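The chains referred to below are lettered A, B, ... by the order of the sequence lines, with proteins before strands, and numbering in each begins at 1. A quick note: this is a predicted structure, and the numbers were derived from the prediction, not measured.
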Amino acid sequence: MPSILRHLSSVTSSGGLINKVDSFRQLHHNTNSLKSNHTLKHYLESGEPIKALLNFKQRFRESPSFVDSFSVLFAIKASSLAHKAPSFIGKQIHALVRKLGFHSVIQIQTSLVGFYSSVGDISSARQVFDETPEKQNVVLWTAMIAGYAENEKAVEAVEMFRRMEEERIELDEVIATVALSACADLGAVQMGEGIYSRCIKRKRRLGMDLTLRNSLLNMYVKAGDVEKARRVFDETLRKDVATYTSMIVGYALNGQAQESLELFKKMSQDSSVSPNDVTFIGVLMACSHGGLVEEGERQFRSMVEDYNLKPRDAHFGCMVDLLCRSGRLKDAHEFVNQMPVKPNAVIWRTLLGGCSLHGDVELGEEVQRRIFELDRGHVGDYVALSNIYAAKGMWDEKLRMRDRVKKRREPGKSWIEMGNIIAEFVSGGSDDDGKLMVGEISEVLKCLVACMTSYDYVVDNFNSSY
DNA sequence: GTATCGGGGC
């Protein structure tokens, strides 16, 4: 059975009357529709979402009746993938969904949730979710929770996951993977372990999903628990790129440069995997944190020459960081100027950090100008330069720089997991001292815990004035 | 229809 038909039967099996009419139209009256849906699918699979959208639009104009629930599903998917396409195209397709009565098709609603999440419009995503009549469906919840997680709303993601479990919807590997990544962002290890064990209990016989194990490994890495991460790594017999990469990054982040590089070496000897560009971010980070400049330069070259991987901003950033940390500011500057792509604000900012570290006023001033050409919004850029002035005793310049700070600092967030409670803290957002004193807050939290034991999870905001 | 791997800085 061609995959498109298999797909169709899954749509009709859960759909209502409208879908049966729709599928009837597609199968019996409209072979053209089937054929052109195949074209849409082809564009999607070959990474040409814009072409898919144009194709859809043209077809809808010429013969609207050929557009069925499948075409719409592919068009939504294309809108999510086409980062360059303006988001109103997706919204137009959403309007079309309503007009054609497809909003009762759960696959379409799920895809719409994914679309709105991909353009950062999480409230519209939530609206689609809320408007979906039949919600007893893991995949719909997965799309919504993944949307929160992708848009840096891990607390909401976790909260929603808790609600999903209350609704007695069964876990699968995908939702567990998404939930673990939200837990990783919060450092909520205990909760993540619980989710993991609940999930594998059901599926023990089928063998565990590698993606799920990787996200467990990643959670330990994010929480700084390298030992537990390594245990998961060793127990995972069939490893893929992400397994190795997470572990390599884990060592690099925790200052174990040697272990990171040794693991990379071991990975190179494993013929079943080959490193990708993310792996090299980990390798370069390890070199940077370990002060291994020559090794880093060698690896960077090897990445391009031996592995044919194209360095991205992140790799250039690692190299700048590497050169800056070892005091080679001139080389770092030259490196930035010789980059084959236009350096972004983050790269310049890394260099500014290097100037701050080594007290280079002249270069710092120039770099700050380059940053301001791209982005004037960051308070930290004023602070960095004002600190360079301060270190050199240039008090007038320092004060002038501080006076130019107009915007207040973005509030910071932090989370603490204690038992089955997650508390969120939001710092005040002042521009001088918004640091969170986690130790002190946890004392406050201990008192809170005593008062709140009747809840499973409590999400709490309060301003810290420490 | 849904899924994991990214720095540094005040």
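Counting non-hydrogen atoms of other residues, nucleotides and ligands closer than 6.0 Å to CD of A/Glu373 gives a total above 12.
Between A/Arg325 and the phosphate of B/dG8, there is a side-chain N or O to OP1/OP2 separation shorter than 4.0 Å. In this model, the phosphate group of B/dT2 is approached by a side-chain N or O of A/Lys77 to a distance below 4.0 Å at OP1 or OP2.
Contact of A/Thr110 with B/dG1 (side chain to base): a donor-acceptor pair of N or O atoms is detected under 3.5 Å. Looking at A/Asn214, its side chain comes within 3.5 Å of the base of B/dT4 through a donor and an acceptor atom. Side-chain atoms of A/Thr350 and base atoms of B/dG7 include a donor and an acceptor less than 3.5 Å apart.
Nucleic acid contact for A/Ala314: base, since at least one base atom lies under 4.0 Å from a heavy atom of the residue. Among the heavy atoms of the strands, none lies under 4.0 Å from A/Ile76. Backbone-only engagement by A/Val249 is indicated by non-hydrogen atom pairs under 4.0 Å involving sugar-phosphate atoms exclusively. Among the atoms of the strands shown, base atoms are found under 4.0 Å from some heavy atom of A/Asn137.
Taking only side-chain atoms of A/Leu73, from C-beta outward, the nucleotide of B/dG6, B/dG8, B/dG1 with the closest atom is B/dG1. With B/dC5, B/dG6, B/dG1 as the choices, the nucleotide that has an atom nearest any side-chain atom of A/Asn276 turns out to be B/dC5.
Here B/dG6 presents its C1' atom at 12 Å from CE of A/Met303, a figure rounded to the nearest Å. In this structure, CZ of A/Phe74 is placed 11 Å from C1' of B/dG1, rounded to the nearest angstrom.
Geometrically, A/Arg376 engages A/Phe372 in a cation-pi contact defined by less than 6.0 Å to the ring centre and at most 45° from the axis.
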